Amino acid sequence: FSLVLWFAVTRWGIIGAAMAWTGRAVADGALIMWRAQSFAPLPQSGILMTVTGVGLVACCAVLSAVSPLSTGALIVISCILAATIPIAMWSQRSADERRVLSRANGRG
């Protein structure tokens, strides 16, 4: 982490520090999730949902940090990406999980 932090700070300043810290946090979370699989295995859909959500949030963060686009365009792109997270997560649910969630929301 120290080498990545040094490189990112010298190249991009405080934004580089934030990107390095975010990368470290994502790697830490991935390692914890990988280790937790041996104690309480998640279905493949749960892992895919988590990776999809983290990936979309990371894309929004990197895009807003290094993009030459205007602030308005970045807000629109970030909102579109953020809106896809629930869709991606719902599409990875099994039929049984969807039924339980629909009942919990009073629709089933």
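As a basis for the values below, the full set of heavy atoms in this structure was taken, side chains included, without hydrogen atoms, waters or symmetry mates. Just so it is clear, the model here is predicted, and its values are computed rather than measured.
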task = Take atom CG of Leu5 as the centre, draw a 6.0 Å sphere, and report whether it contains more than 12 heavy atoms from other residues, nucleotides or ligands.
result = yes
Other residues, nucleotides, ligands: >12 heavy atoms within 6.0 Å of Ile14 CD1 = no
inquiry  = Please tell me whether Trp6 and Trp12 are part of a single hydrophobic cluster in this structure, the criterion being side-chain heavy atoms less than 4.5 Å apart.
reply    = yes
ask   = Is it the case that one hydrophobic cluster holds both Trp21 and Val9, taking links as side-chain heavy atoms less than 4.5 Å apart, direct or via other members?
value = yes
message = Tell me whether Met19 shares a hydrophobic cluster with Phe7, the cluster being built from Ile, Leu, Val, Met, Phe, Trp, Tyr side chains joined at under 4.5 Å.
response = yes
inquiry  = To check you understand the geometry: which heavy-atom pair defines the closest contact between Ala17 and Ala8, and what is its length?
reply    = N-CB, 4.5 Å
